Undergrad: 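Before I ask anything, here is the structure I am working with.
Computed from a predicted structure; not experimentally measured. Every heavy atom of this structure was used, including side-chain atoms; hydrogens, water molecules and symmetry mates were not.
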Amino acid sequence: MIRVEKITKSFGDLQVLKGIDLEVPKGKLYSIVGPSGAGKTTLLQIIGTLSQPSAGNVFVNGQNISVMNERQLADFRNRQIGFVFQFHYLLPEFSALENVCLPAFIAKTSKKEAEQKACEYLDFLGLSNRLNHKPGELSGGERQRVAVARALINNPSVILADEPSGNLDTKNREDLHELFFTLRDKFKQTLVIVTHDESFAAQSDAIIRMKDGLIE
């Protein structure tokens with residue numbers, strides 16, 4: 001599903017990734033852990049096509065994304081990658097339903113189909129009574145569940161999450177973690193999650209420990 005080969009990444013004279021090799025099988029949940037500055041987010045951004053490696057190759061669902069141009073990357077990202085960040089990045093002027101529909105609209109999905117799929121995901125996530133609420137009217141946990149629905153709307157090959165529970169209280173954090181395992185078990189979703197939560201990482205299919213730009 002995901003294969004990373006000899007990835008390096010430098011910003012000027014600073015080498016952040018120093019030769020990463022990694023494989024994540026389909027339908028598995030892998031956690032990436034390590035101290036700040038280890039290169040975790042940089043690696044996740046490269047897998048998600050948000051950043052290009054300085055050298056090496058990344059394959060997602062059999063496609064080498066390292067050789068794609070910007071237009072190809074944007075289309076691949078929209079259709080194949082779902083993102084969940086520490087900050088939900090919902091558009092404040094749009095309702096929960098509208099926020100979830102946006103990636104589907106970008107993919108040229110009809111309004112009727114997009115709204116139907118968005119309603120199904122929001123209902124699955126326990127938000128059927130919050131469809132028309134704007135982000136400012138939702139709790140932190142509800143906003144992150146909307147962000148998860150948005151990540152799922154185009155049936156992506158992989159979900160990438162960067163400290164998704166970092167701003168949540170204990171109850172909402174546990175609920176979100178349980179949701180990720182449900183996505184793996186019920187929908188056979190492939191997930192790669194950067195986290196500082198060791199108890200969550202311990203439940204993953206594998207833990208990738210990073211330090212100083214390398215996998216330990």
Undergrad: Return yes if some donor-acceptor pair links the side-chain N/O of N61 with the main-chain N/O of S157 below 3.5 Å, else return no.
TA: no
Undergrad: Looking at every heavy atom in both F94 and P135, which two are closest together, and how far apart are they?
TA: O-CD, 3.1 Å
Undergrad: Could you tell me whether the side chain of N57 and the main chain of S66 form a donor-acceptor pair under 3.5 Å?
TA: no
Undergrad: Is L102 close to R150 at the side-chain level, that is, under 4.5 Å between some pair of heavy atoms?
TA: no
Undergrad: Is it true that the side chains of D75 and N78 contain a donor and an acceptor less than 3.5 Å apart?
TA: no
Undergrad: If you look at every heavy atom in I153 and A104, which pair is closest and at what distance?
TA: CG1-CB, 3.8 Å
Undergrad: Applying side chain to side chain contact (heavy atoms under 4.5 Å, CB included) between T42 and each of V16, I7, I47, I20, report the one that passes.
TA: V16
Undergrad: Output yes when a side-chain donor or acceptor of Q144 lies under 3.5 Å from a complementary backbone atom of P164, and no otherwise.
TA: yes
Undergrad: Any idea which heavy atoms bring A118 and L97 closest together, and the distance?
TA: CB-CD1, 3.5 Å
Undergrad: I need the minimum non-hydrogen distance between H196 and K40, along with the two atoms involved.
TA: NE2-NZ, 4.1 Å
Undergrad: Salt-bridge test for D169 and R173: reply yes if a basic N is under 4.0 Å from a carboxylate O, no otherwise.
TA: no
Undergrad: I need the minimum non-hydrogen distance between P25 and T190, along with the two atoms involved.
TA: O-CG2, 3.6 Å
Undergrad: Establish, for the pair K9 and F11, whether the NZ or CZ atom is under 6.0 angstrom from the six-membered ring centre and no further than 45 degrees off its axis.
TA: yes
Undergrad: When you measure from the side chain of N69 to the backbone N and O of R71, does any donor-acceptor pair fall under 3.5 Å?
TA: yes
Undergrad: Are a donor atom and an acceptor atom from the side chains of S199 and D197 found within less than 3.5 Å of each other?
TA: yes
Undergrad: Would you please say whether a donor-acceptor pair under 3.5 Å links the side chains of N132 and S95?
TA: no
Undergrad: Might you confirm whether atom CD of Q72 has over 12 heavy atoms from other residues, nucleotides or ligands at distances under 6.0 Å?
TA: yes
Undergrad: When you check the side-chain N and O atoms of H177 and S165, is any donor under 3.5 Å from an acceptor?
TA: yes
Undergrad: Using every non-hydrogen atom in the two residues, find where N129 and G126 come nearest and quote the distance to one decimal.
TA: OD1-O, 4.1 Å
Undergrad: So for atom CD, which belongs to E70, do other residues, nucleotides or ligands contribute more than 12 heavy atoms lying within a distance under 6.0 Å?
TA: no
Undergrad: In terms of relative ring orientation, are F85 and Y89 parallel, tilted or perpendicular, with 30° and 60° separating the classes?
TA: perpendicular
Undergrad: Using modelled atom types and a 3.5 Å cut-off, is there a donor and acceptor pairing between side-chain atoms of R79 and backbone atoms of A74?
TA: no
Undergrad: Show, in sequence, the C-alpha distance, side-chain angles and deciding distance for R3 and E5, and conclude whether the salt bridge (Lys or Arg N to Asp or Glu O under 4.0 Å) test is met.
TA: CA-CA 6 Å; R3 189 167 84 252; E5 298 178 343; 2.8 Å; yes
